[in-house]
Amino acid sequence: MDLLDRIFLSLRTQGEVWGRITLAGRYGLAFPKQHAVFIAVMEGHCLINQDEGPLIALRAGDFLFFPAASRFHLRSDAEITFTTPLTASQLAAWQETNTLEYQENTGAGVSLVVGCFTLISAEAPLLFQELPPILHVPANEADTLSRQVREMMRDEIASAEPGASTTVDRLAEILMIRTLRRAIRDNARIDGAGWLRAMGDTRIHRALQLMHDDLSVVWTVSGLAQQVGMSRSAFADRFRRLVGMTPMEHLIGWRMAFAADLLRSDRKMKIESVAAKVGYLSERAFRDAFSKTYGCSPDRYRRS
């Protein structure tokens, strides 16, 4: 299984569409802080930004994803210098009907599908923290399949048939995965060191693949270096430069996240068995590593 496929499978990240937003005229609206917001533009155009971020022009066919928790603001044009938070009644109506309509005087309009990705697993932050603040795929840069998925989203919303909401949720997940794949392929979109950016390096990608194939394998830096045809020192230096941490630091981070998921998904599994699943022959060593990562013992984490 490909590394990214394996990671997405473990993340169990679910798309959840909040609803459709239709705006017209001149407006400036501020939306509450949420994590992993996505926006698909069905029709029209508008401007969007995070709290202190630059304005981004959105047009029909665009897809935008905010990996980190953030408020966002929608404007009809650049002359709108301030935005008004949604009122409690607007938020309540949106939650009840999955539709938000706003019109101020007359003018061009925009239709958006807005939602978020729920981070179910403890491993999800290890992916999302690697991403830039904004992933924006303009319609004219989207591949054919992504455009088709967006059209399917529009058709499902218009149909209002049974199961349409669930279908749109899954289509949004597909768009996110394709957006991430595009960012990884064009690693200039991912600034600085990180394991996503390092996947562009053949040997480091192979090392990451080996580590993630089975977290129970007891790896050493020398063993990984040998597997990818490098000396220990050259491999360790390249890994740290591209990933931003040592091979063992990366491996421990993912092992602990996987262990955290096991502790809560299978509450009857013994701590010793969890330790073995993530490559620890000693339960004591596992407990020490887990406490260092999460600030509490495995038992306390499981109960929380």
For residues 65-76, please give each side-chain donor-acceptor pair under 3.5 Å, one per line with the distance, not counting sequence neighbours.
residue, atom, partner, partner atom, Å
S70, OG, Q50, NE2, 3.4
R71, NE, D51, OD1, 3.1
R71, NH2, D51, OD1, 3.3
H73, ND1, T83, OG1, 2.8
H73, NE2, D51, OD1, 2.8
R75, NE, I80, O, 2.9
R75, NH1, N49, OD1, 2.5
S76, OG, Y27, N, 3.1

Within this structure, what is the [atom1]-[atom2] distance for the pair [X] and [Y], rounded to the nearest 0.5 Å?
| X | Y | atom1 | atom2 | result |
| --- | --- | --- | --- | --- |
| I48 | L29 | CD1 | CG | 11.5 Å |
| S231 | R238 | OG | CZ | 9.5 Å |
| I39 | L175 | CD1 | CG | 13.0 Å |
| L263 | M256 | CG | CE | 9.5 Å |
| D288 | Y280 | CG | OH | 9.5 Å |
| S216 | F258 | OG | CZ | 9.0 Å |

Exercise for review: Any pair with a residue in residues 293-304 that passes salt bridge (charged side-chain N to carboxylate O under 4.0 Å, His left out), sequence neighbours left out, goes on the list, sorted by first then second residue, please.
Suggested key: R287-D299

Study note, to complete from the structure: residues 79-94 vs salt bridge (charged side-chain N to carboxylate O under 4.0 Å, His left out), sequence neighbours excluded, gives R26-E79

Exercise for review: Under the side-chain contact (heavy atoms from CB on, under 4.5 Å) rule, what do F31 and I21 come out as? Steps first, then yes or no, please.
Suggested key: CA-CA 11 Å; F31 289 75; I21 298 175; 3.6 Å; yes

Review point. Would you say the side chains of R264 and S304 form a donor-acceptor pair under 3.5 Å?
Key: yes

[X] side-chain N/O to [Y] backbone N/O, donor-acceptor pair under 3.5 Å:
| X | Y | result |
| --- | --- | --- |
| S273 | M269 | no |
| H45 | R59 | no |
| Q90 | T87 | yes |

Does any non-hydrogen side-chain atom of [Y] lie less than 4.5 Å from one of [X]?
| X | Y | value |
| --- | --- | --- |
| V217 | L210 | no |
| P138 | F63 | no |
| L64 | L58 | yes |
| Q148 | T144 | yes |
| Q209 | D213 | yes |
| H250 | L208 | yes |

**Study point:** Residue pair V113, M42: steps toward the side-chain contact (heavy atoms from CB on, under 4.5 Å) verdict
**Key:** CA-CA 7 Å; V113 172; M42 299 292 108; 3.8 Å; yes

Tell me whether [X] at atom [atom1] has more than 12 heavy atoms from other residues, nucleotides or ligands lying less than 6.0 Å away.
| X | atom1 | value |
| --- | --- | --- |
| R147 | CZ | yes |
| M152 | CE | no |
| E272 | CD | no |
| E151 | CD | yes |
| R284 | CZ | no |

Practice item. Check the pair I252, E249 against side-chain contact (heavy atoms from CB on, under 4.5 Å), reporting the backbone distance first and the verdict last. Key: CA-CA 5 Å; I252 289 171; E249 287 171 340; 5.9 Å; no

Review point. T166: what forms a side-chain hydrogen bond (donor to acceptor under 3.5 Å, both in side chains) with it, not counting sequence neighbours?
Key: none

If you take all heavy atoms of [X] and [Y], which pair is closest and at what distance?
| X | Y | answer |
| --- | --- | --- |
| R255 | L215 | NE-O, 3.1 Å |
| A207 | F235 | CB-CE1, 3.6 Å |
| V41 | R150 | O-NH1, 3.3 Å |
| F290 | C296 | CD2-O, 3.5 Å |
| A260 | Y294 | CB-OH, 3.7 Å |
| V243 | A198 | CG2-CB, 3.6 Å |

Please list every donor-acceptor pair under 3.5 Å in which a side-chain atom of residues 218-225 meets a protein atom from a residue at least two apart or in another chain.
residue, atom, partner, partner atom, Å
T220, OG1, G223, N, 2.9
S222, OG, R232, NE, 3.4

Exercise for review: Starting from the C-alpha separation in whole Å, work towards a yes-or-no answer on side-chain hydrogen bond (donor to acceptor under 3.5 Å, both in side chains) for S146 and R178.
Suggested key: CA-CA 7 Å; S146 294; R178 296 189 67 80; 3.1 Å; yes

Practice item. Mind running salt bridge (Lys or Arg N to Asp or Glu O under 4.0 Å) on R241 and D237 for me, showing each step along the way? Key: CA-CA 6 Å; R241 175 168 53 83; D237 288 345; over 6 Å; no

**Study point:** For L47, the rest of its hydrophobic cluster, which grows through side-chain links under 4.5 angstrom
**Key:** L55

Practice item. Before giving the answer on side-chain contact (heavy atoms from CB on, under 4.5 Å), spell out for W195 and W254 the whole-Å C-alpha distance, their side-chain angles and the decisive distance to 0.1 Å. Key: CA-CA 12 Å; W195 65 265; W254 282 88; 3.6 Å; yes

